[in-house]
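Quick caveat: nothing in here was measured; it's all calculated off a predicted structure. Each chain gets a letter, A, B and so on, in the order the sequences are listed, and its residues count up from 1.
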2 protein chains.
Amino acid sequence: MPQSRPRIIPEATVARLAVYLRVLAGLADGGRSHVSSGELASAAGVNPAGLRKDLSYLGPCGVRGVGYSVAGLRDRLTDALGGERSRPCVLIGIGRLGSALADYAGFASRGFEFVGLLDTDPAAVGRRVGGLPVRPVAELEAVVAETQATIGVITTPAEVAQSVCDRLVSVGVRSILNFAPVALTVPAGVDVRKVDLSVELQVLAFLDQQRHGTPPLVAPLRAAQGSAR
Amino acid sequence: MPQSRPRIIPEATVARLAVYLRVLAGLADGGRSHVSSGELASAAGVNPAGLRKDLSYLGPCGVRGVGYSVAGLRDRLTDALGGERSRPCVLIGIGRLGSALADYAGFASRGFEFVGLLDTDPAAVGRRVGGLPVRPVAELEAVVAETQATIGVITTPAEVAQSVCDRLVSVGVRSILNFAPVALTVPAGVDVRKVDLSVELQVLAFLDQQRHGTPPLVAPLRAAQGSAR
DNA sequence: ACGACTTTGTTCAGGCGTTCACAAGCGGTT
DNA sequence: AACCGCTTGTGAACGCCTGAACAAAGTCGT
């Protein structure tokens with residue numbers, strides 16, 4: 001009865017499992033019944049050996065000589081990642097980015113449902129976004145209580161993100177996705193994931209410069225040539 | 001003459017440098033002249049020793065016993081990350097997310113300027129987003145050529161992302177930020193960074209389940225209690 | 001029914017990133 | 001001028017993750 005699963009799953013692996021799950025969903029729609037680790041890996045953009053290692057955290061999932069059952073693995077991954085029950089989310093900060101997230105179809109199809117939209121701006125309150133009315137952020141605690149939301153998504157300006165975060169934590173939200181460009185401080189037991197769009201572009205800019213500037217990377221140390229300002 | 005800098009900067013470090021830069025910009029606006037690594041680290045949400053190691057890749061930046069000059073370090077980081085010259089970007093896929101990115105102020109203030117917006121949908125073409133008209137995606141090559149864009153941002157549906165990517169690469173774009181939920185294949189010398197919003201939520205869902213299910217982590221294999229699914 | 005091929009699952013080594021701890025260096029003070 | 005405290009910069013250990021090679025296992029063909 002090898003039902004025990006004592007080993008913990010690394011977070012990097014979890015993120016990849018989510019990718020595999022999406023690929024598998026596509027394959028299932030396409031009518032495929034089996035996949036090999038190689039094919040799945042190339043579709044997910046990872047190494048085949050790494051993929052097998054990732055899946056091994058869930059116990060034996062495939063059949064040697066054949067591959068993985070698409071539907072079977074999909075269900076297994078779905079369970080591992082938290083089942084397919086709907087997960088209620090609240091979204092604070094209904095600006096352009098918030099609005100885009102609120103009716104991003106990719107979330108709903110994966111079980112994430114926005115059940116509360118909040119904003120401070122009186123002009124935004126009352127508007128309907130993705131079929132849901134925007135409510136004043138003062139009602140944050142009430143909204144979380146009545147919707148039993150477990151995930152909070154913060155798309156506010158940086159200045160108020162920490163205060164919004166604190167209020168979310170105080171009413172029991174323990175999973176937070178932060179788009180505001182600040183490092184949030186949370187007590188132990190609360191998970192925060194940060195998405196920083198500016199940083200992504202900045203990294204690309206660095207890599208681009210590095211490509212062009214590899215030869216003349218003499219560095220403007222102190223002999224900075226007329227670096228105005 | 002220790003002006004050589006043979007060591008390369010790890011990508012994880014580059015991402016953090018971008019964070020430090022933003023914090024420093026805020027401090028500079030606040031009139032601060034010096035910061036210690038401890039203060040800067042806590043504002044950025046990282047370990048002080050790690051921050052110092054990150055900065056050490058740029059050579060000595062601070063003054064022992066005093067800390068870092070806010071303005072000096074800011075300029076140093078700005079240079080390291082590609083200078084403050086404006087970087088032209090093209091954005092393909094002007095849906096809700098694309099529109100949100102197109103006039104996200106956080107980009108422009110950091111030197112990233114959208115110079116081309118492209119979409120296939122005839123209803124979107126011609127619309128103005130963030131002061132820029134949306135052009136048909138057929139003109140992608142022309143737009144890149146005339147604007148000299150170096151960064152491409154893909155917010156299209158997954159099905160067409162690879163084809164858009166290929167076309168970007170074919171006209172010389174070597175830095176790509178991909179929001180489409182697919183793994184893009186690119187030739188060597190091209191950098192792709194992927195932002196996958198669904199994956200972020202899925203990881204949170206997993207962590208949440210893990211918290212609740214740690215004691216009863218017997219796994220709801222088939223003995224799921226009333227999981228109406 | 002047997003053999004060979006295919007594909008998984010696992011084990012091992014390598015590299016990278018992070019963290020801790022200490023020495024070096026600078027400013028302020030007496 | 002010398003001392004003391006503070007902070008940076010760096011060297012080394014630790015742990016994690018990644019990538020490759022091998023053995024187990026199951027299926028297909030003959």
Side-chain angles (χ1 to χ4, degrees), chain A residues 2 4-20 24 27 32-70 72-73 76-77 80 183 199 203 219 221-222, chain B residues 2-20 24 27 32-70 72-74 76-77 80 183 194 199 203:
Chain A
S4 73
R5 200 180 308 154
R7 40 194 166 188
I8 63 164
I9 305 182
E11 201 161 309
T13 291
V14 174
R16 283 190 297 266
L17 291 181
V19 176
Y20 307 154
L24 285 166
L27 289 173
R32 288 287 297 274
S33 68
H34 287 273
V35 226
S36 69
S37 64
E39 188 178 359
L40 197 52
S42 91
V46 301
N47 186 294
L51 180 141
R52 292 199 296 273
K53 188 182 249 313
D54 285 341
L55 294 181
S56 76
Y57 284 105
L58 309 177
C61 299
V63 180
R64 301 180 187 224
V66 175
Y68 299 93
S69 155
V70 170
L73 187 54
R76 176 78 75 109
L77 284 177
V199 166
V203 171
L221 277 177
R222 63 215 104 235
Chain B
Q3 74 170 16
S4 71
R5 198 180 310 158
R7 39 192 168 186
I8 63 164
I9 306 183
E11 201 161 309
T13 292
V14 174
R16 283 189 297 267
L17 291 180
V19 176
Y20 307 153
L24 285 166
L27 289 173
R32 289 285 298 271
S33 67
H34 288 273
V35 226
S36 68
S37 64
E39 189 179 357
L40 197 52
S42 91
V46 301
N47 186 295
L51 180 141
R52 290 199 297 272
K53 192 179 247 318
D54 285 340
L55 293 181
S56 76
Y57 285 106
L58 309 177
C61 300
V63 180
R64 303 181 186 223
V66 175
Y68 299 94
S69 155
V70 171
L73 187 54
R74 168 173 53 90
R76 175 80 73 109
L77 285 178
K194 183 180 170 189
V199 166
V203 172

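In this structure, A:Glu11 places its CD atom 16 Å from C1' of D:dG15, rounding to the nearest Å. In this structure, B:Ile8 places its CD1 atom 13 Å from C1' of C:dG17, rounding to the nearest Å. Note: NE2 (B:His34) to P (D:dT8) measures 12 Å, nearest angstrom. Between the CG atom of B:Leu58 and the P atom of D:dT8 there is a distance of 15 Å, rounded to whole Å. For the pair A:Asp54 CG and D:dT18 P, the computed distance is 7 Å after rounding to whole Å. Rounded to whole Å, the distance from CG on B:Asn47 to P on D:dC14 is 18 Å. Distance CG (A:Leu51) to C1' (C:dT8): 11 Å, rounded to an integer number of Å. One can place CG of A:Leu55 at 13 Å from P of D:dT18, the figure rounded to the nearest angstrom.
Every residue two or more places apart in sequence or in another chain that forms a salt bridge (charged side-chain N to carboxylate O under 4.0 Å, His left out) with B:Lys194 is listed here: B:Asp196. By the side chain to side chain contact (heavy atoms under 4.5 Å, CB included) test, A:Val63 pairs with A:Val66, sequence neighbours left out.
Annotation: side chain of B:Glu39 is not in contact with side chain of B:Tyr68 (no heavy-atom distance under 4.5 Å). Within the 4.5 Å cutoff, no side-chain heavy atoms of B:Val35 are placed close to those of B:Leu73. When side chains are defined from C-beta on, A:Val19 does not count as touching A:Val46, because their heavy atoms never get closer than 4.5 Å.
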Nucleotides 24-30 of chain D: which of its N/O atoms have a protein N/O under 3.5 Å away?
residue: D:dA24; atom: N3; partner: A:Arg64; partner atom: NH1; Å: 2.7

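Residue B:Lys53 places its side chain closer to D:dG11 than to any other of D:dG11, D:dT8, C:dA21. Closest to the side chain of B:Ser56, out of C:dT19, D:dT10, D:dG19, is D:dT10. Out of C:dA21, C:dG9, D:dC17, the shortest distance to the side chain of A:Ala12 is found at D:dC17.
In this structure, CG on A:Leu51 lies 5.0 Å from CG on A:Leu40, to the nearest 0.5 angstrom.
The residue among A:Thr13 and A:Arg52 whose nearest nucleotide of DNA chain D lies closer to the 5′ end is A:Thr13.
For the pairing with A:Tyr57, the side-chain contact (heavy atoms from CB on, under 4.5 Å) check across A:Leu17, A:Thr13, A:Ile8, A:Val14 returns one residue only, A:Thr13.
Proximity of B:Tyr57 to the phosphate of C:dG17: no side-chain N or O atom is located under 4.0 Å from OP1 or OP2. B:Arg16 has a side-chain polar atom (N or O) that falls below the 4.0 Å cut-off from OP1 or OP2 of C:dT18.
B:Gly62 comes within 4.0 angstrom of sugar-phosphate atoms only, judged by non-hydrogen atoms across all strands, and of no base.
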